[in-house]
Amino acid sequence: QLYLIESGGGLVQLGGSLKLSCTASDRTFVPYQVRWFRQAPGKEREFVARLTWSTNSTNYDNSVKGRFTISREYAEPTAYLQMDNLKPEDTGVYYCNQKHIDRGPSSPNYWGQGTQVTVSS
């Protein structure tokens with residue numbers, strides 16, 4: 001079964017930066033859409049950023065707009081989330097979600113196991 005792999009999380013101080021990566025276990029699967037979500041302890045999972053692969057269009061939750069950048073790389077393929085000017089409220093487990101090009105909007109949602117991001121004040 002296809003699964004996603006997130007990496008790049010870690011421990012940073014207020015104002016620091018991290019770059020998360022997301023790849024699929026099967027390199028023949030090209031994304032139709034990539035989304036990043038995050039979940040803090042005791043809170044519901046929330047949307048962070050979205051990228052549509054074919055058009056490279058993006059959008060962001062207002063809480064991260066201007067600080068986070070979602071991007072793509074055709075090799076592998078890989079999706080990234082560059083996070084700058086991190087705040088303690090950005091702390092949580094970050095999950096990658098993809099739909100794939102073969103079925104477009106009708107594709108199942110594929111998830112990774114998450115990567116921990118912790119921002120200290």
Side-chain angles (χ1 to χ4, degrees):
Q1 180 67 267
L2 182 77
Y3 60 92
L4 306 181
I5 305 169
E6 303 99 335
S7 62
L11 306 172
V12 298
Q13 294 192 77
L14 173 68
S17 296
L18 288 171
K19 188 173 184 178
L20 308 184
S21 299
C22 176
T23 59
S25 58
D26 187 340
R27 295 296 186 264
T28 68
F29 280 78
V30 176
Y32 167 78
Q33 172 189 269
V34 177
R35 292 182 291 173
W36 287 93
F37 295 81
R38 66 187 180 189
Q39 187 168 18
K43 294 186 177 181
E44 295 183 349
R45 187 175 299 181
E46 64 179 358
F47 167 78
V48 175
R50 177 191 296 111
L51 180 148
T52 301
W53 196 264
S54 61
T55 63
N56 204 31
S57 63
T58 61
N59 73 321
Y60 302 88
D61 184 78
N62 286 335
S63 66
V64 305
K65 188 176 294 184
R67 299 188 298 118
F68 290 12
T69 304
I70 187 170
S71 62
R72 66 183 180 182
E73 181 180 325
Y74 284 106
E76 305 265 302
T78 306
Y80 299 99
L81 185 68
Q82 176 68 46
M83 305 184 295
D84 297 318
N85 194 23
L86 284 161
K87 304 175 180 180
E89 51 263 43
D90 296 318
T91 293
V93 179
Y94 282 67
Y95 297 92
C96 183
N97 172 276
Q98 295 186 18
K99 293 185 173 183
H100 288 81
I101 197 68
D102 60 332
R103 298 182 65 182
S106 299
S107 170
N109 284 288
Y110 298 94
W111 294 89
Q113 297 185 59
T115 185
Q116 177 71 46
V117 172
T118 303
V119 186
S120 62
S121 60

| request: Find the distance between OG1 (Thr115) and CZ (Arg38) and round it off to the nearest 0.5 Å. | output: 14.0 Å
| request: Verify whether one side chain among Arg67 and Asn85 offers a donor that lies under 3.5 Å from an acceptor in the other. | output: no
| remark: Closest heavy-atom pair, Leu14 versus Pro88, reported as atoms and distance to 0.1 Å, is CD1-CD, 3.6 Å
| field | Verify same cluster id: Val93, Val119 (apolar side-chain graph, 4.5 Å) | value | no
| request: Name all residues meeting the side chain to side chain donor-acceptor pair (under 3.5 Å) criterion together with Gln116; count only those two or more places apart in sequence or in a different chain, and write none if there are none. | output: Thr118
| query | Roughly how far apart are Thr52 OG1 and Tyr32 OH, rounded to 0.5 Å? | reply | 6.0 Å
| message | My understanding is that only residues two or more places apart in sequence, or in another chain, count here; which of them pass side chain to side chain donor-acceptor pair (under 3.5 Å) with Asp61? | response | Ser63
| Do the side chains of Phe68 and Leu86 get nearer than 4.5 Å, heavy atoms only? | yes
| field | Pairs where residues 12-112 contributes a residue and the test disulfide (SG to SG under 2.5 Å) is met, not counting sequence neighbours | value | Cys22-Cys96
| remark: Rounded to the nearest 0.5 Å, the CD atom of Gln113 sits from the OH atom of Tyr3 at a distance of 8.5 Å
| task | Carefully, step by step, assess Gln39 and Glu46 under the rule side chain to side chain contact (heavy atoms under 4.5 Å, CB included). | result | CA-CA 6 Å; Gln39 187 168 18; Glu46 64 179 358; over 6 Å; no
| note | Closest non-hydrogen atoms of Val34 and Ala79, given as atom of the first, atom of the second and distance, are CG1-CB, 3.7 Å
| task | Ignoring hydrogens and angles, tell me if any N or O in the side chain of Lys99 forms a donor-acceptor pair with the backbone of Pro105 under 3.5 Å. | result | yes
| field | Glu73: partners by salt bridge (charged side-chain N to carboxylate O under 4.0 Å, His left out), with sequence neighbours left out | value | none
| task | Just grab all the ring pair (Phe, Tyr, Trp, His ring centres under 6.0 Å) pairs involving residues 102-121, residues at least two apart or on different chains. | result | Phe37-Trp111, His100-Tyr110
| query | Under 3.5 Å, side chain of Ser25 to main-chain N/O of Leu4, donor-acceptor pair present? | reply | no
| message | Run Tyr60 and Thr69 through side chain to side chain contact (heavy atoms under 4.5 Å, CB included) and show every step you take. | response | CA-CA 8 Å; Tyr60 302 88; Thr69 304; 3.8 Å; yes
| Which residues pass the side chain to side chain donor-acceptor pair (under 3.5 Å) test with Gln82, sequence neighbours left out? | Asp84
| Asp90, Val64, Val117 screened by side chain to side chain contact (heavy atoms under 4.5 Å, CB included) with Met83, the one that passes | Val117
| message | What verdict does the side chain to side chain contact (heavy atoms under 4.5 Å, CB included) test give for Phe29 and Thr23, after you've listed the backbone C-alpha separation in whole Å, the side-chain angles of each residue and the deciding distance to 0.1 Å? | response | CA-CA 10 Å; Phe29 280 78; Thr23 59; over 6 Å; no
| field | Distance, nearest 0.5 Å, that separates OG1 of Thr78 from CD1 of Ile5 | value | 10.0 Å
| query | With a cut-off of 6.0 Å (strictly less than), are more than 12 heavy atoms of other residues, nucleotides or ligands near CD of Glu44? | reply | no
| task | Supply the atom-to-atom distance Ile70 CD1 to Leu81 CG, rounded to the nearest 0.5 angstrom. | result | 6.5 Å
| In Å, rounded to the nearest 0.5 Å, how long is the span from OH of Tyr80 to CG of Leu51? | 12.5 Å
| message | Quick one, Pro108 and Arg103 - any side-chain contact, counting heavy atoms below 4.5 Å? | response | yes
| query | Do the side chain of Glu6 and the main chain of Gly114 share a donor and acceptor less than 3.5 angstrom apart? | reply | yes
